[in-house]
Amino acid sequence: MRHLVWFRNDLRLADNPALHAAMDEGEQVQALYIDCPGQWRQHGNSPLQRDFLRRNLQALSEGLARLGVPLELLVCEHFDDVPERLSGWIKEHDIDALYANRDIGINERRRDKAVQQALNIPCRVFNGDCVMNHGSITTQSGDMYKVFTPFSKAWLSALKAQGYRLLPVPEARNDACDPADIALAGDLQDSGAWDAGEQAAGQALARFCAEHLLDYGEQRDFPAVAGTSRLSPYLALGVLSPNQCLAAIENELGSLPLGRGERGFAWLNEIIWREFYRHLLVAFPHLSMNRAFKEETEALQWSHDEDGFAAWCDGRTGYPLVDAAMRCLKDTGWMHNRLRMIVASFLTKDLHIDWRRGEAWFMARLIDGELAANNGGWQWAAGTGADAAPYFRVFNPVTQSERFDPDGEFILRWVPELKNVPAKHIHAPHDWLRKQGRESDYVPPLVDHARARQHAIAMFDALKDEEEA
Ligand code: FAD
């Protein structure tokens, strides 16, 4: 039997259910990655992530070659071209069965359905991206939870009851073969600041658990501190699996922390957030279609302030922590979670600009761009999403800065204009700069936060009034 493993967002050998089953059940196994540059552009993912994809594919190809599994790259411009091209490829290579792990976006699911209809060989699809399979964590009436806390309780109960399954790297069945040379067309931006490959991801995971897991709860909100795992680029491409994260926690602590307040639980909780957003994306396809989770919020009257948007993108809002965060994103392609929340709140609640524009800007820059988490995060901040921040709770960019970057350490890494400002004035430096006669050192605040906050609340109130009417 000749089996094909079609790799997508699961670029790893270990804990890969599709690869594992194909190797277990087939005499000969081949691997394929289908690159769709046009689709990549349409989804708006970044050139930085594309380069990271390329390097991780190269590492995967080398790992597969050691197992005797050749990886080929097939290029189709769009998902629409995949069924026909893949059918042809499968006939040419005399494949008996196709193995793949589930992809969750709506375009990916439509593509997969069309592929299954076009092929006349068995297609076996596995869950490789979540600890708990999509659709398995539901309310008593079988619906997807719309609020995180009950979802997480049900998720933890399922984990207690059934545990999780970690698959090893399959054993080589054939002699080693030559790895492919992976070249991807289109815009690529050097991702060399991040080590590629599952070995590097595994090392980063082990290092994080040994050094930061226990302090994560206390440190995770401070952007100047390296207190979070920075594993998101690997999780987004499936170079690392969430089961591997659980195994690393267990390895570090001796057991999994399954209750709030237990040491190490705070990090496990983030893995559950990741699953929440992925389960939501599968259960509510409109999330993949640029639409708000709460459909009534489609009537919000967003601003079309192009200058404001450009200032936000470039880090010129006059709010130091917002500017530092946006400059960091532009320069490195990564941003700390606390800062993602602050800048997303600023765009939507201070500048009143549609969350979709921020979502797209993030996607076009991030190395860890990922539809479920990015859409979930943006809609949470905008107040349009499942379990979103209540609309009247608007982040204050100055007090957030005082709390989470108290000495201005992060600000000073990215906003050198403020290097002479004393720490206690750095969060809102304009009065101090004015008194020194140096107001030209740094851009003035784009908006008055208190007034902008009132306007944001009024926008949502108008929505309620409309509904009642
Ligand atoms: P850690 O704190 O170490 O968490 C471990 C892992 O848990 C992360 O790598 C990630 O996979 C997952 N995770 C953590 N927080 C969240 C969360 N709130 N939602 C979903 N998963 C989470 N994450 C992405 O992976 N891709 C995105 O495109 C993305 N866009 C975001 C946009 C906004 C507006 C917001 C508020 C959040 C976004 N996040 C996104 C979630 C979160 O900010 C990042 O996952 C996190 O900052 C990555 O850093 P880390 O790996 O050090 O995370």
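Ligands are counted one by one from 1 in listed order, and the atoms in each one are counted from 1 as well.
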**Asked** Are W267 and ligand 1 in contact, using a heavy-atom cut-off of under 4.0 Å?
**Response** yes
**Request:** Just need the protein heavy atom nearest to atom 3 (O) of ligand 1, so name the residue and atom and give the distance.
**Result:** S229 OG, 2.6 Å
**Asked** Can you find a non-hydrogen atom of W334 under 4.0 Å from ligand 1?
**Response** yes
**Request:** Kindly identify the option in E275, R365, E270 whose heavy atom sits closest to atom 13 (N) of ligand 1.
**Result:** E270
**Message:** Test your reading of the structure: does F208 have an N or O sitting under 3.5 Å from an N or O of ligand 1?
**Reply:** no
**Message:** I'd like to check which ligand 1 atoms, numbered from 1 as shown, lie under 4.0 Å from a non-hydrogen atom of L366.
**Reply:** 28 (O)
**Request:** List the steps and the verdict of ring-ring contact (aromatic ring centres under 6.0 Å, His included) for H336 and F222.
**Result:** CA-CA 8 Å; H336 188 279; F222 297 92; 8.6 Å; no
**Fill in**
For atom 6 (C) of ligand 1, the closest protein heavy atom turns out to be L235 CD1, 4.0 Å
**Asked** Distance from L371 atom CG to M363 atom CE, nearest 0.5 Å?
**Response** 6.0 Å
**Request:** Run the salt-bridge test on E270 and R220 with the 4.0 Å N-O cut-off and return the result as yes or no.
**Result:** yes
**Request:** Could you list the atoms of ligand 1 found under 4.0 angstrom from a heavy atom of G369?
**Result:** 28 (O)
**Complete:** Of L268, T228, N337, the residue with the heavy atom nearest atom 43 (O) of ligand 1 is N337
**Complete:** ring pair (Phe, Tyr, Trp, His ring centres under 6.0 Å) test vs H279 passes for just one of F151, F284, W155, namely F151
**Asked** Salt-bridged, D331 to R413, with N to O below 4.0 Å?
**Response** no
**Message:** Applying salt bridge (Lys or Arg N to Asp or Glu O under 4.0 Å) to D314 and K330, what does each step give before you reach the verdict?
**Reply:** CA-CA 8 Å; D314 294 344; K330 216 170 187 180; 2.7 Å; yes
**Request:** Just do the side chain to side chain contact (heavy atoms under 4.5 Å, CB included) check on T348 and W302 with the steps written out, would you?
**Result:** CA-CA 8 Å; T348 55; W302 299 110; 4.2 Å; yes
**Request:** Say whether A236 and ligand 1 are in contact under the criterion: heavy-atom distance to a ligand atom below 4.0 Å.
**Result:** no
**Asked** Which of these, W355, Y277, Y216, has its nearest heavy atom closest to atom 19 (N) of ligand 1?
**Response** Y277
**Request:** Just need the protein heavy atom nearest to atom 17 (C) of ligand 1, so name the residue and atom and give the distance.
**Result:** W273 CB, 4.2 Å
**Item:** Identity and distance of the protein heavy atom lying nearest atom 50 (P) of ligand 1
**Value:** R230 N, 3.5 Å
**Prompt:** Any idea which protein heavy atom is nearest atom 48 (C) of ligand 1, and the distance to it?
**Reply:** S232 OG, 3.3 Å
**Complete:** atom 23 (N) of ligand 1 sits nearest the protein heavy atom A373 CB, 3.4 Å
**Request:** Can you spot which of R278, R111, R110, R109 makes a salt bridge (Lys or Arg N to Asp or Glu O under 4.0 Å) with D103?
**Result:** R111
**Asked** In the protein, what heavy atom is nearest to atom 30 (N) of ligand 1, and what distance, to one decimal place, separates them?
**Response** N374 OD1, 3.1 Å
**Message:** Do F79 and E108 have side chains that approach each other closer than 4.5 Å (heavy atoms only, starting at C-beta)?
**Reply:** yes
**Message:** Which residue and atom name correspond to the protein heavy atom nearest atom 26 (N) of ligand 1, and how close is it?
**Reply:** D368 O, 2.8 Å
**Request:** Please examine the side chains of L281 and S288, heavy atoms only from C-beta on, and report whether any two atoms are closer than 4.5 Å.
**Result:** yes
**Request:** List every atom of ligand 1 that sits less than 4.0 Å from any heavy atom of L231, numbering the atoms from 1 in the order shown and giving each element.
**Result:** 9 (O), 51 (O)
**Request:** Please check if the distance between the ring centroids of Y99 and H20 is under 6.0 Å.
**Result:** no
**Asked** Where the side chain of N101 meets the backbone of A18, is there a donor-acceptor pair that is under 3.5 Å apart?
**Response** yes
**Request:** Check each of R340, Q379, M341, Q219 against atom 35 (C) of ligand 1 and report the one with the nearest heavy atom.
**Result:** R340
